[in-house]
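Each remark here refers to the structure printed beneath this line.
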There are 2 protein chains.
Amino acid sequence: MDTLFLSKTDLFRGIPPEDIQSMLGCLKAATKNYQRGEFICREGETVTAMGMVLSGSVSIENDDIWGNRSILDRVGAGQIFAENYACLPGEKLMISAVVNEPTEVLFLSTDCMFTVCPHACGFHNRLIRNMLTIAARKSLSLSRRIVHTSSKSIRGRLLSYLSFQATQHGCRAFDIPFNRQQLADYLSVDRSAMSNELSKMQRDGIITVDRNHFVLLQSDHL
Amino acid sequence: MDTLFLSKTDLFRGIPPEDIQSMLGCLKAATKNYQRGEFICREGETVTAMGMVLSGSVSIENDDIWGNRSILDRVGAGQIFAENYACLPGEKLMISAVVNEPTEVLFLSTDCMFTVCPHACGFHNRLIRNMLTIAARKSLSLSRRIVHTSSKSIRGRLLSYLSFQATQHGCRAFDIPFNRQQLADYLSVDRSAMSNELSKMQRDGIITVDRNHFVLLQSDHL
DNA sequence: ACAAGTATGTTGTTATAACAACAAGGAGGA
DNA sequence: TCCTCCTTGTTGTTATAACAACATACTTGT
C-alpha cells in the first residue's frame with residue numbers, strides 16, 4: 001500500500017506514513033479494482049465501510065424511477081465516498097457509486113472510529129478530526145448546490161452559480177470545471193434551454209461566454 | 001447551565017452531566033438570548049463557534065438577490081447549527097440564521113476540538129465522534145433534498161418526496177411534517193402549482209390527500 | 001359563537017422551461 | 001488530411017410551472 005500517497009490525502013493528512021501503515025489493519029483496509037460502468041454500491045443497499053479512490057474516478061449518482069440520472073458528486077483520487085453511510089450503520093443508500101474509468105478503491109471500515117481503539121493509537125483522533133473537516137466541506141458543497149438550484153428560473157440559477165464562481169476566483173473572469181451538459185445537470189435544467197439562456201444573457205450584456213470561460217459584466221450580482 | 005438537558009442532546013450524548021460541566025469551559029460556552037426576527041449570523045460573515053439551540057427555534061435560510069427566501073434547515077431545541085462553518089475557520093457563511101421565536105442559543109467554540117485538549121479529557125473524543133454522526137446525518141438530509149428536487153416536474157418531486165416518506169414510515173399512509181407552503185419551499189416549487197398538482201394526482205388515483213395526511217395508492221413508486 | 005387571520009384549493013393567464021431536431025464547431029484518431 | 005464522435009448553439013413547438021386573484025375552509029383567541 002502506498003502510504004506516502006495516503007499521507008497526502010485529506011483523510012490521512014498529518015499522519016506519518018509509517019503510522020498509516022499500522023492503522024490500516026485497524027481500519028480493515030482492503031482494495032478492489034473496478035472497470036468502467038461497474039457499480040461499487042447501489043441504491044437501497046447498506047455499507048459498513050467507506051471507500052477511498054486510489055486511482056480513477058467514481059460518480060455518486062441517483063436515478064429516479066423514470067431513469068433520469070442526477071450526479072451528486074464526482075470522486076477522484078485521494079477522495080473518499082460513502083463515508084456518511086459508513087458512519088450511520090444500517091442506513092440504506094439513496095445513491096449509487098458508479099465507476100467512470102478503470103478504478104482502484106480502498107475500503108476502510110469505520111468500526112474502530114466509533115469504538116475505543118484497542119491499540120489506542122494517538123493518530124486515530126487525528127483521523128476522526130480529518131473526517132470531520134471533510135464532512136464539513138462536503139456539507140457546504142451540498143448546501144451550495146441547493147442554493148444554486150433554489151431559484152425557479154434558469155437565469156437565476158446561472159447567476160447564482162456564476163457569481164459564486166466569480167467570488168471564489170476573486171475575479172469577474174474565470175473558467176468553470178463543467179461542460180454544458182454537466183453544468184445543466186448540476187443546476188437541474190435542460191442543457192439546450194440553458195445554452196439558450198446563456199446566449200440571451202450575453203445579448204442582454206450581463207455576461208460574456210466562450211466555452212468554459214465566463215466574464216460577469218455587471219457588479220450587482222457579486 | 002442545564003447539563004442534564006445537554007446530556008440528552010445528540011452532541012453530548014454518552015457524556016455524563018458532570019463531565020459536560022467541565023467541558024463547557026474548554027468549549028468557551030456562552031449563551032445569548034434572541035427575539036423573533038433577529039439574526040444570529042448573516043450571509044457573508046465568518047464564525048468561530050457553532051450554536052446550539054437551548055430553547056426556541058432557528059431557521060437557516062438563504063436569500064437571493066431578488067429577495068427569494070429559501071429555507072435550508074430548521075433547528076430546534078438540542079440541535080446545533082453553523083457547525084460546518086465552525087469546523088472550517090474563515091469560511092464565509094452562505095446562509096443566515098434567523099430566530100423564529102424567543103430563543104436561547106449556546107455558543108460552543110470548536111478550537112479545542114481540533115487542537116489537543118490541555119486537560120486531555122477523555123470525553124472530547126466522544127464529542128468529536130458525536131459531531132461526526134451529526135454531520136453524517138445532516139449530509140444525508142441535504143442529499144435527500146437534492147434528490148427530491150432533481151426531477152424537473154412538480155409531480156416527480158412530490159412522488160420522490162412522498163415515496164421516501166412512505167418508506168420511512170414503513171407504511172403507505174403517513175403524515176408529513178410540513179404545511180403546503182413549507183413543502184413547496186422544500187421542493188422549490190410554487191405553492192399553488194403544487195396544490196394543483198396534488199389535486200391532479202388524487203384525480204389520477206395515485207394518492208389520496210387530506211391536509212398533512214397522505215396515502216400512496218400505487219406500489220410502483222415505493 | 002364570533003371575528004380575524006392563516007392555510008389551502010381552484011381557476012385562468014402568461015411566462016418559461018422542456019423537448020426534439022438539427023446545424024455548426026471543435027477534438028481526436030486513422 | 002479526412003472522417004467520426006462529441007459538444008454546443010439555435011429554433012420552433014409543446015407542455016408545464018409560475019403567478020395573480022379569489023373562494024373556502026380551518027385556527028386561534030376573545
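Letters A, B, ... mirror the listed sequences (proteins, then strands); counts begin at 1. Excluded from the calculations below are hydrogen atoms, water molecules and symmetry mates; all remaining heavy atoms, backbone and side chain alike, are included.
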Chain B vs DNA chain D, heavy-atom contacts under 4.0 Å, first-to-last nucleotide span, 5' to 3', is D:dA17 to D:dC26
Using atom CD of B:Glu197 as one end and atom C1' of C:dT10 as the other, report the distance to the nearest whole Å.
14 Å
Nearest-Å distance for atom pair CD1/P, residues B:Ile176 and C:dA7:
14 Å
Candidate pair B:Ser59 and B:Asn100, rule side-chain hydrogen bond (donor to acceptor under 3.5 Å, both in side chains), full reasoning:
CA-CA 7 Å; B:Ser59 282; B:Asn100 298 318; 3.0 Å; yes
Any chance the rings of A:Tyr186 and A:Tyr161 have centres within less than 6.0 Å?
yes
Give A:Ser195 one of three labels, base, sugar-phosphate or nothing, depending on what nucleic acid heavy atoms sit under 4.0 Å from its own.
base
So does A:Arg144 pair up with B:Glu91, basic N to acidic O under 4.0 Å?
yes
How many Å lie between CG on B:Asp185 and P on C:dT8, as a whole number?
12 Å
What's the CD1-P distance between B:Ile207 and C:dG9, to the nearest Å?
10 Å
Please state how far atom CG in B:Asn179 lies from atom C1' in C:dG5, giving the value in whole angstrom units.
15 Å
B:Asn196: partners by side chain to side chain donor-acceptor pair (under 3.5 Å), with sequence neighbours left out
none
Think B:Arg191 has a side-chain N or O under 4.0 angstrom from the OP1 or OP2 of C:dT8?
no
Measure the spacing between CE of B:Met201 and CG of B:Asp204 and express it to the nearest 0.5 Å.
8.5 Å
What's the CZ-P distance between B:Phe178 and C:dT8, to the nearest Å?
13 Å
Using heavy atoms to find the nearest nucleotide of DNA chain D for A:Arg180 and A:Lys152 separately, return the residue whose nucleotide is more 5′.
A:Arg180
Once the angle between the rings of A:Tyr34 and A:Phe107 is folded into 0 to 90°, is it parallel (under 30°), tilted (30 to 60°) or perpendicular (over 60°)?
perpendicular
Using only heavy-atom distances, decide whether a donor-acceptor pair under 3.5 angstrom links the side-chain of A:Arg211 to the base of C:dG25.
no
Between B:Glu83 and B:Thr110, does any side-chain donor sit less than 3.5 Å from a side-chain acceptor?
no
Distance check needed: C:dG9 P versus B:Ile154 CD1, whole Å only.
14 Å
